[in-house]
Amino acid sequence: MTTVLAPVEGAAVGLAAVPDPVFSAGMVGPGTAIDPLRGPGKAVAPIAGKIMKLHPHAYVIVGDDGKGVLVHLGIDTVQLQGEGFKLLAAEGDRVSAGQPVVAWDPAAIEAGGRSPVCPVVALDALAGAVTGVAEGAVHVGDELFRWE
């Protein structure tokens, strides 16, 4: 079992609350989403492992068990081409759960007309593989869900 931690502080709202049909329908995979606190902060690694993909607005960390977790910072934030994000790690780095990966400001994302909601997804997982999904307030490093 893999315990996936909250990469940002805010309110766990579920994937259905993500204003993007690909995420909200679970097409990327099961998981949940966090409506982040507004203000500058750091998004951290939800699991220990290797950063397999790192973009300013999203990253994938794969654990030693081969399970990959996607953290997507806001919706349609790829359009910002990195503006408003600062990488704190590099693709290929090994990270510990809770280690900062990207600095960003959800309030600035929202002020620019985009949703700052952050999907956190278990990639290539079966629908029933994610359990214990958190609801309500979560702090960075809190258990967000378990991946059986």
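- When all heavy atoms of V69 and I47 are compared, the closest pair comes out as CG2-CD1, 3.9 Å.
- In this structure, C118 and P36 approach most closely via the heavy-atom pair SG-CG, 4.3 Å.
- Contact of the L80 side chain with the V78 side chain is not registered, since no non-hydrogen atoms from C-beta on lie closer than 4.5 Å.
- A continuous path of hydrophobic side-chain contacts links I51 to L87 [ILVMFWY only; heavy atoms under 4.5 Å].
- In this structure, I34 CD1 and E9 CD are separated by 9.5 Å, a value rounded to the nearest 0.5 Å.
- In this structure, Q99 CD and L88 CG are separated by 9.5 Å, a value rounded to the nearest 0.5 Å.
- Hydrophobic cluster membership differs between V101 and M52, with clusters built from Ile, Leu, Val, Met, Phe, Trp and Tyr side chains linked at under 4.5 angstrom.
- Here the closest heavy-atom approach between residue F85 and residue P56 is recorded as CD2-O, 3.1 Å.
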**Request:** Would you sort out whether V60 and V62 count as a side chain to side chain contact (heavy atoms under 4.5 Å, CB included), showing the intermediate values?
**Result:** CA-CA 7 Å; V60 173; V62 176; 4.2 Å; yes

**Request:** For V140 and V44, run side chain to side chain contact (heavy atoms under 4.5 Å, CB included): C-alpha distance rounded to whole Å, both residues' side-chain angles, the deciding distance at 0.1 Å, then the answer.
**Result:** CA-CA 8 Å; V140 171; V44 306; 3.6 Å; yes

**Request:** Step by step, work out the salt bridge (Lys or Arg N to Asp or Glu O under 4.0 Å) result for D64 and K67.
**Result:** CA-CA 7 Å; D64 291 337; K67 293 177 177 173; over 6 Å; no

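- The same ILVMFWY cluster, assembled from side-chain heavy atoms under 4.5 Å apart, contains both L144 and V102.
- At least one side-chain heavy atom of E148 sits less than 4.5 Å from a side-chain heavy atom of T131.
- Rounding to the nearest 0.5 Å places CD1 of I61 at 11.0 Å from CG of L123.
- Smallest separation of non-hydrogen atoms from A134 and A12: O-CB, 3.4 Å.
- The number of heavy atoms from other shown groups lying within 6.0 Å of CG (D65) is above 12.
- Hydrophobic clustering, with ILVMFWY side chains joined whenever heavy atoms are under 4.5 angstrom apart, keeps V138 apart from V13.
- Under the 4.5 Å side-chain criterion, counting only non-hydrogen atoms from C-beta, F145 is in contact with V120.
- Rounded to the nearest 0.5 angstrom, Y59 OH and D93 CG are separated by 13.0 Å.
- For the pair V130 and P30, the tightest heavy-atom approach, listed with the atom from each and the gap, is CG2-CG, 3.7 Å.
- Counting only residues at least two apart or on different chains, the side chain to side chain donor-acceptor pair (under 3.5 Å) pairs with a member in residues 76-86 are Q79-R114.
- Between the side chain of R94 and the main chain of G92, no donor-acceptor pair closer than 3.5 Å is present.
- Contact between V71 and P46 at its shortest, heavy atoms only, is CG2-CG, 3.8 Å.
- For the pair F23/V117, no side-chain contact is recorded, criterion being any heavy-atom separation below 4.5 Å from C-beta on.
- With hydrogens and angles ignored, the 3.5 Å screen pairs a side-chain donor or acceptor of H72 with a backbone N or O of G74.
- No side-chain N or O of E110 forms a donor-acceptor pair with one of S115 less than 3.5 Å apart.
- Partner of P119 under the side chain to side chain contact (heavy atoms under 4.5 Å, CB included) criterion, out of V22, I75, L73, T32: I75 alone.
- A 4.5 Å side-chain heavy-atom check between V28 and L70 finds at least one atom pair inside the cut-off.
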